[in-house]
Amino acid sequence: MRGLGRVAVVRYAVDSAGQGDAVKAGGHETGIDLERFRLRRFVEELRQAGELEVRSGSVELAAIAQQLEGNAKAVLFECAGKEGAQLAGNVMGGRARLAQAFGVAPDKLLAEVLRRLRASAQVVEVPREVAPAQQVVLTGDQADLTALPVHLQHGMDGGPYVSAAIDFAVDRSSGWTNVGVRRLMLRGRREAGVDLNSPSDLRALYEAAVKQGQKLPVAFVVGSHPVDYVAAVMRLPVDELGLVASLRDAPLPVVKCVSCDIRVPADAEWVLEGYLDERGHVEAEGPYGEFLGYYGAVKQNPVFHLTALTRRRDALFQTATIGGKSLARTDTAQLNALRTEVMVWRALETAVREVKAVYVTPSSGGMYTLRIAMRQRVPGEARNAIAAAFGCLANVKHVFVVDPDIDVFSDEQMDWALATRFQADRDLVVQSGFRTLPLDPSLRGARTGAKAGFDLTLPFAGAGAIESTIPEPPRFEGARFASVEAALEDGPKTFEALMAAAASRDGREVVLALEKLRAAGRLVREKDGRYALKHA
């Protein structure tokens with residue numbers, strides 16, 4: 001992708017009053033708005049859009065999870081915990097809210113993300129004195145994880161979790177910044193467990209450091225604009241600071257951490273700085289309610305050590321919804337779905353020609369059930385699309401391919417296509433032995449899994465046949481004639497066309513005209529059902 005390989009960081013000039021001037025980058029002046037992409041501003045936008053519930057009274061941390069479970073809206077707690085902290089939850093738990101973050105309608109979201117991924121990236125470093133994320137700096141004994149409004153999310157969780165943390169770490173071999181999304185289980189005032197069991201870039205960076213007997217510096221940002229989370233869940237071989245900038249479609253202001261050399265968004269709400277120690281996967285972490293709606297078991301994982309905590313003066317903390325019975329209304333499912341759609345679309349661009357829509361159901365965790373609408377040019381392209389989807393992501397499990405007339409966002413239309421266009425012995429594709437995620441309980445301990453493709457497209461031989469044509473209300477369009485007979489002299493017509501020809505808004509007079517022609521032995525029917533005149 002253009003502009004996302006190695007990202008140049010330019011400096012941000014500051015005048016004597018501490019206010020930022022424009023940055024000159026490549027001859028172009030770029031203004032930096034340090035409020036545009038902050039979480040609090042987006043939450044206020046959700047309030048205006050009717051997508052936010054506000055809880056103004058005091059709320060104990062123990063009550064937070066119950067009030068977020070299955071909630072169709074984002075929630076702002078104005079006085080959470082004994083400290084009376086402000087806490088936002090479920091901010092990204094709906095496709096409409098993610099689309100609002102990108103400034104588009106929900107059905108245009110994927111196209112907008114794909115467009116931004118092709119944009120050039122600009123990352124601008126600002127000094128600490130103007131970075132809102134470092135308006136308050138706490139180190140030593142003042143840096144305390146247990147002072148944060150972190151709540152128990154699920155009944156069997158191993159402890160309170162920071163669930164909305166975006167991690168930033170530097171790849172020492174390339175100098176690139178890796179960005180991901182990670183959870184932190186509180187272990188004390190300055191320690192937390194970090195899940196690094198699944199394959200990830202951060203795990204690779206950490207294990208490389210452990211082999212050298214070294215700590216891995218890492219910074220966790222808590223409280224970010226949804227666009228930043230979308231960037232963080234992508235897995236692309238680029239400097240991911242540039243990826244954040246590209247998806248923002250604006251310059252990304254960054255600031256150097258106070259206790260390490262990692263650069264993080266300068267407009268963040270909170271930043272937890274520290275390191276993963278060099279001991280490896282040595283401490284118990286979990287259980288935890290995972291994104292598939294079941295618990296993940298206790299795992300051996302690394303330990304994060306807090307060295308500094310920085311924040312805005314009016315910082316808004318954030319919690320993400322994960323797991324439970326209402327997966328479609330969780331932050332993780334919506335983020336996973338959008339990430340999967342992006343990765344699948346990119347794979348389909350080389351596998352088939354005319355992809356019209358891609359949608360992943362958030363109720364499947366945002367990964368497992370995929371729908372593709374496409375126009376086939378030659379027989380077999382639907383199978384090509386299924387094969388491409390199988391191979392591009394380990395988590396894609398069930399793939400449904402439909403023609404462009406089916407709305408992939410509609411459960412009703414997808415069910416109809418499955419019922420009327422699918423024969424299991426002909427249209428089902430089943431393959432086994434794929435790499436998958438061990439969190440899927442249907443694996444029953446197996447290390448590889450199966451995938452199924454459902455070809456719900458109409459056959460080429462049936463294209464245009466009335467048996468495969470979808471009924472629609474009549475429109476009564478077409479040329480006008482002096483009579484039904486004159487219309488038929490022009491050529492065969494459907495009953496709808498004859499009503500239009502006679503300017504009829506009733507239809508019964510057309511029946512009478514056809515009756516007269518039939519009695520005279522002049523009326524015949526075509527194979528497609530159209531009426532026609534019999535000629536000598």
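All values below come from the heavy atoms of this structure, side chains included, with hydrogens, waters and symmetry mates left out.
Remark: L316 CG to R311 CZ distance equals 12.0 Å, nearest 0.5 Å.
Each of W270, F304, Y275 was evaluated against F220; a single residue qualifies, F304, per the ring-ring contact (aromatic ring centres under 6.0 Å, His included) test.
Nearest heavy atom pair, residue L39 against residue F317, reads CD2-O, 4.5 Å.
Evaluation of the salt bridge (Lys or Arg N to Asp or Glu O under 4.0 Å) test over residues 321-333, restricted to residues two or more places apart or in two chains, returns none. Among pairs with a residue in residues 52-69, those fulfilling salt bridge (Lys or Arg N to Asp or Glu O under 4.0 Å) read E53-R55, at least two apart in sequence or across chains.
Checked by atom type and distance alone, the side chain of R116 pairs as donor or acceptor with a backbone atom of F102 at under 3.5 Å. With hydrogens and angles disregarded, a donor-acceptor distance shorter than 3.5 Å links the side chain of E273 to the backbone of S259. Side-chain atoms of D440 do not come within 3.5 Å of backbone N or O of L437 as any donor-acceptor pair.
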Q) Should R172 and Q214 be marked as a side-chain hydrogen bond (donor to acceptor under 3.5 Å, both in side chains) after you check the CA-CA gap, both sets of side-chain angles, and the distance that decides it? A) CA-CA 12 Å; R172 292 168 180 164; Q214 298 175 345; 2.5 Å; yes
Q: Apply side chain to side chain contact (heavy atoms under 4.5 Å, CB included) to V113 and M234, showing your working.
A: CA-CA 11 Å; V113 173; M234 298 291 173; 4.2 Å; yes
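Checked for salt-bridge contact, R312 and D267 miss the test: no charged N lies under 4.0 Å from a carboxylate O.
By the 4.5 Å heavy-atom criterion applied to side chains, V179 and L243 are not counted as neighbours. At a threshold of 4.5 Å between non-hydrogen side-chain atoms, the residues I322 and T330 do not count as touching.
With sequence neighbours excluded, the residues satisfying salt bridge (Lys or Arg N to Asp or Glu O under 4.0 Å) with R38 are E35, E269, D314.
Within a 6.0 Å sphere centred on CZ of F409, other residues, nucleotides and ligands contribute more than 12 heavy atoms.
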